[in-house]
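A short write-up of the structure that comes next.
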There are 2 protein chains.
Amino acid sequence: MEQQVDGQHGGVWDACANSAVRRAARRLGQLYDDAIEGSGLRATQFSLLAQIRLLGAPALQPLASALAMDLSALGHSLKPLLRDGLVTIEPDDRDRRVRRVSLTPAGARRLEDVERAWRAAQQRFEALVGADDAAALQRILSKVASPEFAAAFRAPAPAEDAPSE
Amino acid sequence: MEQQVDGQHGGVWDACANSAVRRAARRLGQLYDDAIEGSGLRATQFSLLAQIRLLGAPALQPLASALAMDLSALGHSLKPLLRDGLVTIEPDDRDRRVRRVSLTPAGARRLEDVERAWRAAQQRFEALVGADDAAALQRILSKVASPEFAAAFRAPAPAEDAPSE
DNA sequence: TTGATTTGCTGGCATATGCCACTATCTTGG
DNA sequence: CCAAGATAGTGGCATATGCCAGCAAATCAA
């Protein structure tokens, strides 16, 4: 029954990768936010802290790249975390343009705490979508989010003979 | 080489479905926005207009549900489109609480124009990720974004015998 | 060395999203 | 019909993101 999704305009809704990914992102945001509710962190902030921990004390630019995020967007997103004392930003000694982000002890602690709730949510996710689909999703999204994908997407249709020059 | 992603904290980055989907969403947002650049629409607005056209003249709540979006978020997102005269909101005759959104002639025209650029981007996307993966992605994301998935995710671990009661 | 260019960030403005409180309507049980 | 509860939206506040215009530091060219 579902709303005649096939008149003559169904193509956009059921084919647009961007729409589909964003829709899923909104849904997962709700679910994961609920899962770690009360921890004082949003799911997005959790991801951000985890990435910072993973990279050590990254400069903003590399961190933004790792997250496929705009530099200034990253800067904005860090503000609540700075305000709450979960991360610090300090200038690099060698290059004074560079500012490095790192977890404070409180940030590291918070991250570990929330990680338990996250793990439960993640297991719930995998159980529901199935191990195979979960793995496939990771693989495909990882490909899509990669810088190589972006470069290829933007490339002006590489000629099959001499793309150089 | 890629940044030792396997120390002892790699689990979050390479397993979190929410992080992965959001990262991909940011990337695709950039790519699709670029693809329809100059049309006067963002990719998100394009999706929104397409969904409105698909549903006819939906009330806000059903439209929000179809997009897995919060009702108030939808309201906010509609404002720029209202301001630019691409959609109108009018009260329902039967139920005066209900307000229905519909495309204006300008909105319908704009949508059709942008659709060409969108189609090119979508084809580019499918060519790059491959038809199989593109289909798998749609299928999995569609499952994840469904209301059933959310309900199951939130369900308090359904007992295998008598979930009723 | 010094001006031109590049690189790394910050800030301002705008959209994208979500939660909560509140208002306006329906709906329903008395 | 009226009060209680459910439903549909709006507005305020906060985070999430992105673009663009600076600003500062490093690098390069002459």
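The sequence lines fix the lettering, A, B, ..., with proteins before strands; numbering per chain opens at 1. Just so you know, these numbers come straight off a predicted model, no measurement behind them. These values consider heavy atoms only, across backbone and side chains, with no hydrogens, waters or symmetry-generated copies.
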In whole angstrom, what separates Leu63(A)'s CG from dG8(C)'s P? 14 Å
Just do the side-chain contact (heavy atoms from CB on, under 4.5 Å) check on Asn18(B) and Phe46(A) with the steps written out, would you? CA-CA 10 Å; Asn18(B) 186 52; Phe46(A) 170 75; over 6 Å; no
Contacts of type salt bridge (charged side-chain N to carboxylate O under 4.0 Å, His left out), residue Arg100(A), not counting sequence neighbours: Asp92(A)
With sequence neighbours excluded, residues passing side-chain contact (heavy atoms from CB on, under 4.5 Å) with Ala135(B): none
Close approaches to DNA chain D from residues 71-83 of chain B, in residue order (heavy atom, under 4.0 Å): Leu71(B), Ser72(B), His76(B), Lys79(B)
DNA chain D: 5'-most and 3'-most nucleotides touching chain A, 4.0 angstrom heavy-atom criterion: dT15(D) to dA26(D)
Any donor-acceptor N/O pair, Arg26(A) side chain to Leu67(B) backbone, under 3.5 Å: yes
Does Gln45(B) reach the main-chain N or O of Arg42(B) with its side chain, forming a donor-acceptor pair under 3.5 Å? yes
Under 3.5 Å, side chain of Gln122(A) to main-chain N/O of Ala17(B), donor-acceptor pair present? yes
Scan Asp95(A) against the nucleic acid and name what it touches under 4.0 Å (heavy atoms): base, sugar-phosphate only, or nothing. sugar-phosphate
Counterpart residues, side-chain hydrogen bond (donor to acceptor under 3.5 Å, both in side chains), relative to Asp33(A) (two or more places apart): none
Cationic N near anionic O, under 4.0 Å, Glu115(B) to Arg110(B): no
In whole Å, I'd like the distance from the CG atom of Asp33(A) to the P atom of dC20(C). 11 Å
How many whole angstroms separate atom CG of Asp70(A) from atom P of dG11(C)? 15 Å
salt_bridge(Asp133(B), Lys143(A)) N-O dist < 4.0 Å: yes
Between Gln61(A) and Arg22(A), just flag the one whose closest nucleotide in DNA chain C comes earlier from the 5' side. Gln61(A)
Any sub-3.5 Å donor-acceptor pair from Thr88(A)'s side-chain atoms to Thr104(A)'s backbone N or O? no
With DNA chain C as reference, determine whether Arg42(A) or Arg97(A) sits nearer its 5' end, using the nearest nucleotide of each. Arg97(A)
Scan residues 98-108 of chain A against DNA chain D and write down, sorted by residue number, each residue with any heavy atom closer than 4.0 Å; if none is found, say none. none
Say whether, by atom type as modelled, one donor and one acceptor occur between the side chain of Arg124(A) and the main chain of Arg154(B) under 3.5 angstrom. no
Taking only side-chain nitrogens and oxygens of Arg96(B), does any of them come within less than 4.0 Å of OP1 or OP2 of dA24(C)? no
Measure from CD on Gln30(A) to P on dC20(C) and round the result to the nearest Å. 12 Å
